[in-house]
Amino acid sequence: MFCILYHAKIVIPSNVGVIPKHAFEHFEKLEELTISANVKTIQSYAFSGCDNLKRIVFDSSPTVDDCAFNLIPPSKLEEITFLKAPPKFTKYAFGLFRLSYIKPLTIKVKRDFLNDAKLAIARIISDNITDKSNDGQKKIETILNSKNFTFEII
């Protein structure tokens with residue numbers, strides 16, 4: 001569909017705007033994934049069952065539908081990189097477990113998007129995050145610290 005499925009690393013080409021449902025479902029060899037700058041939407045189950053996925057790089061800020069990355073414990077996800085503003089993740093973009101079982105996780109982000117990235121990840125994990133006020137920021141930090149998530153500036 002998009003590339004040869006025998007490789008552990010996939011770069012979604014820049015001419016792709018939508019990654020459709022089930023596009024790479026159960027591609028168990030996938031370890032590294034780069035979402036190109038022109039991807040606007042990642043539909044449900046696009047990468048579901050890619051349980052060896054270790055790194056995801058977002059070079060765009062797509063909408064990520066429920067269960068697009070339906071990772072089942074124990075997931076090997078170690079790192080998410082945001083080269084631009086973080087994607088618009090739905091609550092269940094990473095499946096019903098919502099990243100709650102992944103420890104540790106490193107999120108790499110440009111300084112300008114650090115707070116947005118923290119908010120995006122915290123909203124996946126918890127229903128109690130509604131804003132970026134001081135109280136909201138404290139909740140975000142508490143949630144992220146309890147999960148042993150590390151944010152690195154790139």
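Quick note: residue numbers are just sequence positions, from 1.
The line from NE2 of His22 to SG of Cys67 is 10.0 Å long, rounded to the nearest 0.5 Å. Annotation: the span from Glu152 atom CD to Ile107 atom CD1 amounts to 9.5 Å, rounded to 0.5 Å. The line from OG1 of Thr150 to CD of Glu78 is 12.0 Å long, rounded to the nearest 0.5 Å. Atom CZ in Phe27 sits 7.5 Å away from atom SG in Cys50 (nearest 0.5 Å). Note that CZ of Phe24 and CG of Leu53 are 11.5 Å apart. Values are rounded to the nearest 0.5 Å. To the nearest 0.5 Å, atom OG1 of residue Thr34 and atom CD1 of residue Ile56 are 10.0 Å apart.
Shortest non-hydrogen contact noted between Ala37 and Ser60 is O-CB, 3.3 Å. Leu77 and Lys54 get closest at one heavy-atom pair: CD1-O, 3.5 Å. Here the closest non-hydrogen pair linking Val16 and Val39 is O-CG2, 3.4 Å. Listed here is the closest heavy atom pair of Asp66 and Ser44: O-OG, 2.9 Å. Listed here is the closest heavy atom pair of Ser36 and Pro13: OG-O, 3.0 Å.
Ile12 is listed as a side-chain neighbour of Leu33, based on a closest heavy-atom distance under 4.5 Å. For the pair Lys88/Pro62, no side-chain contact is recorded, criterion being any heavy-atom separation below 4.5 Å from C-beta on. With a 4.5 Å cut-off on side-chain heavy atoms, Thr81 and Ile154 count as touching. Within the 4.5 Å cutoff, the side chain of Asp65 has no heavy atoms near those of the Ile42 side chain. Side-chain contact between Thr63 and Lys40: absent, with no pair of heavy atoms (C-beta onward) separated by less than 4.5 Å. The closest side-chain heavy-atom distance from Leu83 to Phe58 is not below 4.5 Å. With contacts defined as side-chain heavy-atom distances shorter than 4.5 Å, the pair Ile19/Phe47 qualifies.
Hydrophobic clustering (side-chain heavy atoms under 4.5 Å, transitive across Ile, Leu, Val, Met, Phe, Trp, Tyr) groups Leu114 together with Ile80. Hydrophobic clustering of Ile, Leu, Val, Met, Phe, Trp and Tyr side chains at less than 4.5 Å, counting indirect connections, keeps Phe69 apart from Val57. Under a hydrophobic clustering in which Ile, Leu, Val, Met, Phe, Trp and Tyr are joined whenever their side-chain heavy atoms come within less than 4.5 Å, directly or via other members, Ile121 and Ile153 fall into the same cluster. Residues Tyr45 and Tyr92 fall into different hydrophobic clusters, defined by Ile, Leu, Val, Met, Phe, Trp and Tyr side chains chained together at heavy-atom separations under 4.5 Å.
Taking the six-membered ring for Trp and thresholds of 30 and 60 degrees, Phe94 and Phe89 have ring planes inclined between 30 and 60 degrees apart.
More than 12 heavy atoms of other shown residues, nucleotides or ligands fall within 6.0 angstrom of atom CZ in Phe113.
Salt-bridge annotation for Arg55 and Glu32: present, with a side-chain N of the basic residue lying under 4.0 Å from a carboxylate O of the acidic one. Taking 4.0 Å as the cut-off between side-chain N and carboxylate O, Lys84 and Asp59 count as a salt-bridged pair. The pair Lys108-Glu79 meets the salt-bridge criterion, with a side-chain N (NZ, NE, NH1 or NH2) lying under 4.0 Å from an Asp/Glu carboxylate O.
Residue pairs meeting the salt bridge (Lys or Arg N to Asp or Glu O under 4.0 Å) criterion with at least one partner in residues 19-28, sequence neighbours excluded, do not occur; the list is empty.
Because its NZ or CZ atom is both nearer than 6.0 Å to the ring centre of Phe151 and within 45° of the ring axis, Lys118 counts as a cation-pi partner of that residue.
Side-chain N or O atoms of Ser61 include none that pairs as donor or acceptor with a backbone N or O of Pro87 at under 3.5 Å.
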For this session: Please test Leu30 against Ile10 for side-chain contact (heavy atoms from CB on, under 4.5 Å), starting from the C-alpha separation and ending with a verdict.
Result: CA-CA 7 Å; Leu30 181 61; Ile10 292 177; 3.7 Å; yes
